Enquirer: 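Submitted below is the structure of interest, expressed as structure tokens.
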Amino acid sequence: MTTASDDDHRSETAPVSLSAGLRTATAVAHERAERADFVDDLMSGRLDAADYLRMAVQLYFVYRALESVGDDLSGDEIAGPVVDERLRRLPRLAADLAVLGVDPATVTPLPGVAAYVAAIEATRTDPIRFVAHHYTRYLGDLSGGQVIRSRMKLHYGLTDDALSFYVFDEIDKLKRYKDAYRDTLDTLPLDGVQVHRLLDEAVEAFGHNERMFAELAG
Ligand code: HEM
């Protein structure tokens, strides 16, 4: 039951914009992820194509969970507006892995990735937290992912047919899409408490990515 005092609390604690709140809340975590040894080495050309492949197969487990939950929540009032067929990555990742000669069925998720997958699975009944996971991966793919793609081609000679994961060819202008995505976030019907849950989960989602990079480096 909603009471008048709940409503008061809501208006007092709701930040101006969820998208700005997300960017601010995850800024430090983003910097850490970008500077992670594995990411830095991969992006600087100090590793090899096999290391990219080790990451890609782990991401397969992440996206399998993300898109399975996304399918379940596509009609949800809160999660539904961000779920978009044009973002779906799993078939592309599967095709890339096939080109690179790896069958994900023969690979075990790293412990941190298993925990990441479990965290995503737990959002099947928690659309607010799901949005945090959605934001963390897809807005990253639409941003830094584009840099990763060009570096993988440059340093390791990976070809376009092995990097389709980073290609959003059903989206015309990535920047415009990201701006519209942020507008969508900003119109989600969330109260202040819910916004804080979402922000906390986004920081957790970055943490899962950080742990994955640490395990890939180890
Ligand atoms: C190679 C490492 C990375 C590079 C070079 C990179 C680069 C960037 C850049 C340039 C932007 C700004 C794009 C814009 O303002 O439109 C961005 C945004 C973003 N990145 Fe990364 N990134 C990296 C790693 C990651 C990782 C590991 C994650 C999380 C899994 C991530 C998640 C995000 C998110 C969610 C945004 C959107 C921020 C916002 O506008 O709210 N990035 N990234």
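Side-chain atoms are counted along with the backbone in the values below, which use heavy atoms only and exclude waters and symmetry mates. Each ligand, and each atom within it, is numbered from 1 in the order the structure gives. Predicted, not measured: the structure shown is a model, and the values here were computed from it.
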Enquirer: Just jot down the ligand 1 atoms closer than 4.0 angstrom to any heavy atom of Val39, in number order.
Expert: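 Per the distance check, 1 (C), 2 (C).
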Enquirer: Can you tell me which N/O/S atom of His30 has the shortest distance to atom 21 (Fe) of ligand 1?
Expert: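 This residue's closest N, O or S atom turns out to be NE2.
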Enquirer: Taking the minimum heavy-atom distance to atom 14 (C) of ligand 1, which of Gln146, Lys178, Arg151 ranks first?
Expert: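 The residue whose heavy atom sits nearest atom 14 (C) of ligand 1 is Lys178.
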Enquirer: State the atoms of ligand 1, each with its element, that fall below the 4.0 Å cut-off from a heavy-atom position in Gly144.
Expert: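 Within the 4.0 Å cut-off of Gly144, ligand 1 contributes 4 (C), 6 (C), 7 (C), 8 (C), 22 (N), 43 (N).
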Enquirer: Any ion pair linking Arg54 and Asp51 (charged N to carboxylate O, less than 4.0 Å)?
Expert: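 Judged by the 4.0 Å cut-off on N to carboxylate O distance, Asp51 and Arg54 do form a salt bridge.
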Enquirer: Are Arg211 and Tyr116 side-chain neighbours, meaning at least one heavy-atom pair lies under 4.5 Å?
Expert: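 In short, these two side chains do not touch, never coming nearer than 4.5 Å.
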Enquirer: Give the contacting part of Tyr135 toward ligand 1: side chain, backbone, both or neither, where contact means a heavy-atom distance below 4.0 Å.
Expert: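 The answer is both.
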Enquirer: For atom 32 (C) of ligand 1, which of Ala25, Gly140, Ser19, Gly21 has the closest heavy atom?
Expert: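 It is Gly140 that holds the nearest heavy atom.
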Enquirer: From the options Arg89, Arg92, Arg137, select the one residue that forms a side-chain hydrogen bond (donor to acceptor under 3.5 Å, both in side chains) with Tyr63.
Expert: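 So the option named by the test is Arg137.
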Enquirer: Hey, is Tyr138 one of the residues with a heavy atom under 4.0 angstrom from ligand 1?
Expert: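 Checking ligand 1 against Tyr138, which is what was asked, there is no heavy-atom contact under 4.0 Å.
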Enquirer: Salt-bridged, Arg176 to Asp179, with N to O below 4.0 Å?
Expert: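 Looking at Arg176 and Asp179, the cut-off is not met.
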Enquirer: Looking only at the side chains, is there a donor atom on one of Arg124 and Ser68 sitting less than 3.5 Å from an acceptor on the other?
Expert: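 Yes, a side-chain donor-acceptor pair sits under 3.5 Å.
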Enquirer: Can you check atom 10 (C) of ligand 1: any protein non-hydrogen atom closer than 4.0 Å?
Expert: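 Under the 4.0 Å cut-off, atom 10 (C) of ligand 1 has no protein heavy-atom neighbours at all.
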Enquirer: Examine ligand 1 and decide if any of its atoms is less than 4.0 Å from a heavy atom belonging to Lys175.
Expert: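 No.
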Enquirer: Taking side chain as C-beta onward, heavy atoms only, is Pro189 less than 4.5 Å from Gln194?
Expert: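 They are not in side-chain contact.
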